[in-house]
Each structure stands twice: as C-alpha cells, then as structure tokens.
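Every chain is numbered from 1, with letters handed out A, B, ... down the list of sequences.
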There are 4 protein chains.
Amino acid sequence: MASGTTLKLKQQRSRERREQILSAATKLFGEKGIDRTSLTDIAAAAKVPLSSIYDYFEDKRALVLEVPEDNFEALYQKTEPLLVKGGNAVEQLRIIFMTNFEYISENPSWGRVFFLEIWPSVIAAEPRVKKAVDKYALRYVQLIKQAIRAGTYRRNLDPYTAMSLMMGGMCHVTAVWLLYGRKYDLVKKGKAVFTTLHNGFLQE
Amino acid sequence: MASGTTLKLKQQRSRERREQILSAATKLFGEKGIDRTSLTDIAAAAKVPLSSIYDYFEDKRALVLEVPEDNFEALYQKTEPLLVKGGNAVEQLRIIFMTNFEYISENPSWGRVFFLEIWPSVIAAEPRVKKAVDKYALRYVQLIKQAIRAGTYRRNLDPYTAMSLMMGGMCHVTAVWLLYGRKYDLVKKGKAVFTTLHNGFLQE
Amino acid sequence: MASGTTLKLKQQRSRERREQILSAATKLFGEKGIDRTSLTDIAAAAKVPLSSIYDYFEDKRALVLEVPEDNFEALYQKTEPLLVKGGNAVEQLRIIFMTNFEYISENPSWGRVFFLEIWPSVIAAEPRVKKAVDKYALRYVQLIKQAIRAGTYRRNLDPYTAMSLMMGGMCHVTAVWLLYGRKYDLVKKGKAVFTTLHNGFLQE
Amino acid sequence: MASGTTLKLKQQRSRERREQILSAATKLFGEKGIDRTSLTDIAAAAKVPLSSIYDYFEDKRALVLEVPEDNFEALYQKTEPLLVKGGNAVEQLRIIFMTNFEYISENPSWGRVFFLEIWPSVIAAEPRVKKAVDKYALRYVQLIKQAIRAGTYRRNLDPYTAMSLMMGGMCHVTAVWLLYGRKYDLVKKGKAVFTTLHNGFLQE
DNA sequence: TATGAATGAGAATTCATTCAT
DNA sequence: CATGAATGAATTCTCATTCAT
C-alpha cells in the first residue's frame with residue numbers, strides 16, 4: 001500500500017515536472033527561437049536540474065517535437081466540446097477556426113512558437129509534426145469540401161487553396177499581432193478574417 | 001589606365017565573391033535553417049576561406065540580414081517595369097502579387113529562407129528586416145485602399161486584414177509547395193489565391 | 001551519511017580543481033603575460049579540459065580578476081597574526097611591508113603576475129582589482145599618518161607620497177629581482193628598502 | 001637632380017609616416033595595452049594602410065620594441081642640454097629625475113606605455129629594451145655612487161636600492177597619476193618624491 | 001529516478017602576416 | 001615603395017550529452 005501510494009505520488013510529481021519543462025520550453029522557444037534556447041535555459045526556467053530533462057525526453061529534438069504535439073492536443077481538448085455534432089459544415093469550420101484564435105489569444109507563447117518557429121520552419125518536415133499539422137489542416141479541407149457539396153461554397157473553389165488561405169491568414173494575423181506587441185483583440189481580428197474569406201468562398 | 005583596369009578587375013572579383021557568399025548563405029539557410037547553418041558551412045559552399053567572409057560582412061548577423069534585403073531589391077527590380085503607370089489599383093495589386101509568386105518560383109531557396117525562416121520569425125523583429133517587410137506590405141495596403149475608394153472593393157473591407165490575407169496566403173501556399181517538394185505550379189496556385197481573395201474583397 | 005560524505009568528496013574535488021586552474025593561471029600569467037596566455041594553455045597546465053574552466057569561472061576575465069583577489073586574501077591571512085595589536089605605527093608598517101616581501105619570496109609567480117602584469121597596468125583600473133589595491137594602500141597611508149601624529153615621522157611628510165615610495169620601491173625591487181633571475185635574497189633587499197625610506201621619513 | 005629631389009621628398013615622407021605609426025602605436029598601447037592593440041587599430045589611427053606598416057617595421061614585435069627606444073632617445077635629447085657638466089652629482093641626479101617627470105607630464109601616453117606596459121612587463125627581459133632601461137638606470141647608480149664618494153650621501157647606502165627607490169617611486173606616482181585621471185601636477189609630486197628620498201639618502 | 005560534474009565537438013570572431021600588382 | 005585583398009592559425013566561449021553516484 002505504502003509503496004503504491006509513493007509510486008502514485010512519484011508519478012504525479014513526474015507528470016508535473018514534465019509539464020513544467022514543456023511549458024518552460026514553449027515559453028522560451030517563443031521568446032528566443034528554438035535554436036537560441038539551450039537546455040540549460042529551459043532547465044533554469046523549469047526549475048529542474050539540467051540532467052533531469054533527459055529523464056523525461058530523449059534529447060532536445062524530442063522535446064522540441066513534443067511542444068507542438070502537446071499544444072495540438074490541448075487545442076483539440078478545447079475545440080471538441082464546442083462542436084455541435086450534426087451542425088452544418090460552415091458553422092463547424094467557423095468554430096474550429098475561431099477556437100484556434102482563442103487558444104492563441106490565451107496562450108500567446110504557443111502562438112509564437114507555432115507560427116514563428118514550428119510551422120514555418122523546416123521542422124514541419126519532421127514526420128511527427130507534419131502529421132499533426134496535416135491532420136489539423138485536413139479537417140479544414142474536409143469541412144470546406146462538405147460546404148461545397150452542400151452548395152454553400154462555390155463549386156469551383158479549390159478546398160486546398162481555401163484551407164491555405166485560412167491557415168495562412170491566421171498565421172499572418174497572429175504573427176503581426178505578436179510582433180507588434182499584441183495591441184489589439186486577436187479574436188476580433190480573427191472574426192474579420194473569417195468573414196472576408198467566407199464571403200470569397202460563397203456561392204454567388 | 002592599367003591601374004584603372006586592375007581596380008575594376010579587383011572590384012569585379014570582389015563583387016563576385018560577395019555574391020558567392022550571399023548565394024551560398026541563401027541556399028544553406030533555406031535548407032537547414034539560419035541557426036543551424038554555420039559560417040564554416042557557408043564558407044565551404046561558397047568555396048571561400050572562412051575568414052574571408054569577414055572581409056565582406058561584419059558578422060553573421062549582417063550576412064543574415066543582407067539576404068532578405070538583397071532579394072527584396074531584386075524583387076522590386078523585377079516588379080517595377082511591369083507596373084503600368086496609371087493602371088487601376090486592382091490590376092497593379094495583381095501584378096505585384098503575381099510577380100512575387102514568379103520570383104519565388106524562380107528563386108525557391110530565397111522563398112525558403114524568407115517564408116520559412118525570416119518572415120515569420122523573431123528575425124522579422126529586426127529593424128532592418130521589419131522596415132523592408134513593412135514597406136512591401138504598405139504597398140498592398142495602399143492599393144487596397146485605392147480600390148476601396150474606387151468602389152471596386154467593399155467599403156467595409158479592412159485593408160490591413162486584406163493585406164494579411166494576401167501575404168499570409170502567399171506564405172502558406174509557398175510553404176506547402178516547398179515542404180511537399182514543389183510538385184505543382186506555384187504561379188498557377190498563386191492565381192487561384194488571388195482570384196479567391198479578390199472575390200471576397202469585391203463590392204457585392 | 002553516505003550522501004553527505006559524497007557531497008564533501010565532490011566539493012573537495014571541486015575545490016582542488018579550482019585551485020589547480022587558479023594556480024596554473026597564476027604561473028602562466030607570470031611567465032608569459034596575461035594576454036599571451038590562452039585558456040587552452042591554462043587548461044593544459046592544470047590538466048583539466050578547456051571547457052571545464054567555465055565550470056569554475058564565468059569567463060577569462062573573471063579568472064584573471066580572481067588571481068590578485070585570491071592572493072591578497074592569502075597575504076592578509078599571513079599578515080594578520082603577526083600584527084601586534086597596540087604596537088606602534090612604524091612597527092606595524094614594517095611588519096606589513098616585510099610580510100609582503102616574504103609572501104612574494106614564497107610565491108614568486110604571484111609576484112610576477114601582480115607586479116609585472118596587474119599592477120601597474122590597465123587591469124589595475126578594473127574596479128575589483130582597484131578596490132583590493134586601494135584597500136591595501138590605504139592601510140599604509142593610515143599607519144604613516146599615525147606615525148606623523150605620534151611625532152615619529154616628519155610633520156611635512158605627505159603620507160600619499162610616502163606610500164607611493166613604499167609600494168613603488170617594492171614593485172621595482174621585486175621586478176628587478178624577478179627579471180634578473182632571483183639571484184639574491186629579496187627579503188633582505190626589502191629590509192634595506194624599508195630602512196632607507198624610514199630614514200627619509202623620520203623627524204630630524 | 002630631379003630624381004635626387006624626389007628621393008629626398010620620398011625619404012621625408014617615409015620618416016613622417018614612420019613617426020605617425022610610432023606615435024599612433026604609443027598612444028594606443030597606452031590606452032588599451034600592447035596585446036589588445038591590433039596592427040589594424042594602429043594603421044587606422046596612423047591613417048596608413050595596414051600593410052604599409054610592414055614597410056617600416058619587420059613585424060609587430062619590432063614595432064613594439066621601437067616604442068621605448070624612440071622615447072628614451074627623445075628623453076635623452078631633452079635631458080642632455082640641461083646637464084651642467086661638472087655640476088655636482090646630486091644636482092645632476094635631480095635634473096635627470098625631474099626631466100623624466102617633465103617628459104612624462106608632456107607625453108602622458110608614453111608614460112602610460114612605459115610604466116604600465118613596457119617596464120613592468122616581461123618585455124623588459126627583451127635584450128634591446130632591457131639594455132636601454134639598464135643604461136638609464138646605470139646613470140642613476142653612478143651618480144648616487146659619486147654622491148656617496150663625495151660624502152653627500154650615506155656611506156652605507158646601497159646605490160642599487162637607492163636607484164630602485166627612485167625608479168619605483170617615479171613609476172608608482174606616475175601610474176597613480178594616470179589611473180586617477182591626471183588630476184594633479186605630476187612634476188610637483190616628482191619634486192616631493194625627490195626631496196623625501198634625498199633626505200633618506202643624506203649623510204646624517 | 002535524480003543530479004552535480006564533466007567534456008568533446010563545434011561555433012563565431014580576430015589578427016598578424018603574406019602576396020600580387 | 002605602396003596597398004587592397006586574402007588567409008591560416010588561434011582564441012574565447014557554448015552546449016548537448018554522458019556518467020558516476
């Protein structure tokens with residue numbers, strides 16, 4: 001019993017440490033860029049001994065890769081409950097798109113890592129990250145296809161181009177927001193982006 | 001006479017070396033990322049002794065910054081002659097947008113550096129880069145404003161959001177093109193992007 | 001218990017390494033001059049990997065500054081027990097002055113670093129060094145002032161000039177001793193210096 | 001004839017350039033230390049192309065060595081006319097000592113190089129410099145010996161110790177003057193130094 | 001599992017010196 | 001003599017990673 005409790009406590013502590021490291025990494029990657037952030041920096045920020053990082057992550061590369069995965073997971077957690085099953089495609093698209101803006105708005109350091117470091121960097125060519133990004137993008141593509149089939153969006157709209165516009169627009173708007181010191185409401189801006197694109201996608 | 005000729009030859013050689021370094025840097029930055037590219041790598045690729053880099057660039061930072069500046073210059077050189085003075089705003093917008101796609105298509109390594117490494121990234125906050133990017137973006141904003149005044153584009157279109165969509169769309173489409181091995185015609189894709197956005201911008 | 005012992009052993013080893021580095025540095029600085037001594041040299045002499053130096057000293061500068069500080073500390077340790085509290089000022093002056101000569105005699109490499117490299121040189125302007133030197137010099141000045149007040153030394157003796165003569169004399173005599181191969185007894189020479197100066201300082 | 005004139009002009013220019021380099025070197029050595037001063041710095045300060053330095057000096061080492069020689073020469077030029085042949089030894093000693101203070105006062109950058117760089121550094125072990133320094137010091141020793149023989153100075157005064165006190169005192173006083181920003185009259189201070197030492201040297 | 005200490009393999013940068021002209 | 005350009009050899013410093021305990 002005692003040892004069981006101890007084990008649980010240990011596991012609990014382990015999970016916490018892991019999160020500490022991951023969150024310190026997210027923050028620092030966003031601030032200084034991935035390559036300019038050393039494990040020593042991360043250890044210091046996470047208040048964990050440097051070599052303990054290796055108890056949780058195989059190496060720096062593994063840690064770097066886990067940052068987007070971790071956040072995609074959180075983003076899904078946030079999005080899922082909001083999606084009304086059976087709602088129409090455009091509505092679902094809007095929810096997914098806007099939830100992402102909200103997530104960034106609440107976790108600007110992740111926004112920074114993702115839009116300023118991970119997505120644009122060659123790391124996206126890394127299979128694990130690419131898969132997560134692709135999966136996310138694919139969702140957009142499918143919903144856009146549905147909207148086309150439903151006659152809401154133009155027949156001649158290329159769903160991949162449309163998805164690129166949504167993702168690219170989000171990326172640019174976020175990057176500007178971050179680079180200029182988050183001076184305005186990102187979610188509002190997100191709405192404008194959605195509306196403008198939606199207008200361009202609509203059946204005439 | 002002789003010394004004049006000699007001088008020219010020397011200057012010629014100097015300019016060539018400078019270009020060699022810059023182009024090797026552009027290539028490698030795109031392939032491996034800026035921070036992962038060492039001056040040793042660049043020197044080797046440019047077939048120039050490492051220390052000679054310092055004859056042409058103050059330090060690595062200066063070399064990094066010169067890459068986007070240099071290419072923006074080239075992009076302007078390419079765009080300017082195509083702009084029909086007095087042409088309408090939308091037409092000029094289309095030319096500028098499409099010329100950029102053509103330029104990337106012809107200089108994919110620059111595309112890689114610019115869209116995957118420099119913009120959007122912490123380097124974009126670097127004053128010299130920011131200035132060049134801002135100048136470029138401002139042009140879009142102005143033409144969009146003109147188009148709104150002319151009644152072509154919707155009165156309630158926010159020109160900054162519109163610009164973000166154009167730039168962000170270009171960025172995403174380019175990134176995908178690069179990351180997926182340039183399997184299709186980027187310029188064609190660019191046309192689709194422009195058309196879709198244009199539709200969304202139009203006065204109903 | 002065990003871990004306590006281990007810790008002590010580790011700390012012990014650490015302190016030893018630190019001392020090794022410091023002593024190798026002192027020796028080499030004296031032999032070749034500070035700027036001509038590379039960290040690579042020091043690492044080799046201390047039989048420690050180059051990068052380990054950075055585990056003990058922030059950078060070369062910090063290492064350089066620690067040399068005089070460290071030795072001033074040792075010099076104080078040596079001098080303090082010899083000072084008879086309540087002894088007259090001149091006697092205390094003599095003890096301090098002669099103990100320094102003895103210390104140099106026993107640690108010629110420090111003598112070399114201090115009298116040929118650090119003081120007098122641009123490094124002496126370094127706040128940390130200046131503070132240590134000033135503190136040491138001030139002691140001389142105060143004792144000389146006391147001796148003047150006690151009527152032992154001339155009323156019109158400038159204590160700062162007197163201190164300069166003592167320090168300068170020590171510096172020159174040490175330098176000559178070192179440069180000419182330490183062929184004679186430095187402490188004896190020190191006595192002659194003290195006597196001659198003392199004579200010049202006395203009330204007629 | 002014409003070529004003779006040209007030659008002379010060239011030689012004239014050569015000598016000037018040589019002086020420019022030497023004086024720039026003296027200045028910079030004093031400011032930053034010999035090892036921290038690069039030939040590039042010197043070339044820039046002397047307004048001479050870097051490689052031209054090699055037309056006048058074999059290498060950096062040769063240039064460094066020439067700085068004290070050059071200044072000793074100038075010091076001799078200044079001192080010689082002031083020495084009254086047949087004057088008594090103490091008077092001559094005073095003149096030589098004080099002229100040196102005046103020279104430093106007028107050429108503080110040389111004072112800095114000499115007292116903060118050349119004399120205390122191992123460079124004094126360099127035969128050429130050592131010879132010049134020794135020659136200068138010997139003069140003091142000889143005059144002190146004369147003064148002893150003449151019965152002015154104490155029979156039991158060691159002339160070498162006495163010389164060390166004069167040189168060391170000058171060195172220390174100058175170093176302090178330089179390090180503290182030349183806030184007072186160095187020549188006056190020099191007089192105090194001479195008087196105090198002289199008192200200590202006198203026959204009771 | 002935890003961790004302080006250690007380290008090898010680079011990285012950027014500097015600089016005396018050479019050389020072709 | 002003059003000089004712009006070129007360069008090899010060092011130098012300081014960083015950092016991911018390992019290891020003994």
Exercise for review: Quick one: label B/Tyr56 by what it contacts on the DNA or RNA (base, sugar-phosphate, nothing), any heavy atom closer than 4.0 Å.
Suggested key: sugar-phosphate
Point to revise | Contacting residues from residues 16-24 of chain D, given that a heavy atom lies under 4.0 angstrom of DNA chain E | key: none
Taking [atom1] from [X] and [atom2] from [N], how many angstroms apart are they, rounded to a whole number?
X       : N      : atom1 : atom2 : value
C/Phe57 : F/dT14 : CZ    : P     : 16 Å
A/Ile53 : E/dA2  : CD1   : P     : 13 Å
C/Lys47 : E/dA6  : NZ    : P     : 17 Å

Output a table of donor-acceptor pairs, distance under 3.5 Å, between side-chain atoms of residues 42-57 of chain D and any protein atom two or more places apart or on a different chain; print 'none' if there are none.
none

Review point. Closest approach of C/Glu31 and C/Arg112, non-hydrogen atoms and distance?
Key: N-CD, 4.4 Å
Can you name the salt bridge (charged side-chain N to carboxylate O under 4.0 Å, His left out) partners of [X], sequence neighbours left out?
X       : value
D/Asp35 : C/Arg36
B/Asp70 : none
B/Glu69 : B/Arg128
B/Lys60 : none

Check your understanding: Under a cut-off of 3.5 Å for both distances of each Watson-Crick or G-U pair, what dot-bracket string does DNA chain F give, using [ ] for crossing pairs and | for inter-strand pairs?
Key -> .||||||||||||||||||||
Practice item. Go through the structure and list residues passing side chain to side chain donor-acceptor pair (under 3.5 Å) with D/Glu19, not counting sequence neighbours. Key: none
Review point. For nucleotides 12-18 of chain E, read 5' to 3', which letter fits each nucleotide if B means a protein heavy atom sits under 4.0 Å from the base, S means only the sugar-phosphate is that close, and - means neither?
Key: SBBBSBB
Tell me every residue that passes side-chain contact (heavy atoms from CB on, under 4.5 Å) with [X], counting only those two or more places apart in sequence or in another chain.
X        : answer
C/Lys130 : C/Asp134, D/Tyr180
D/Ala62  : D/Glu58, D/Asp59
A/Thr26  : A/Val67, A/Asn71, A/Ser109, A/Trp110, A/Val113

Review point. Can a side chain N or O of C/Ser52 be found less than 4.0 Å away from OP1 or OP2 on E/dA6?
Key: no
**Study point:** From C/Arg17 atom CZ to C/Leu22 atom CG, the distance as rounded to the nearest 0.5 Å
**Key:** 14.0 Å
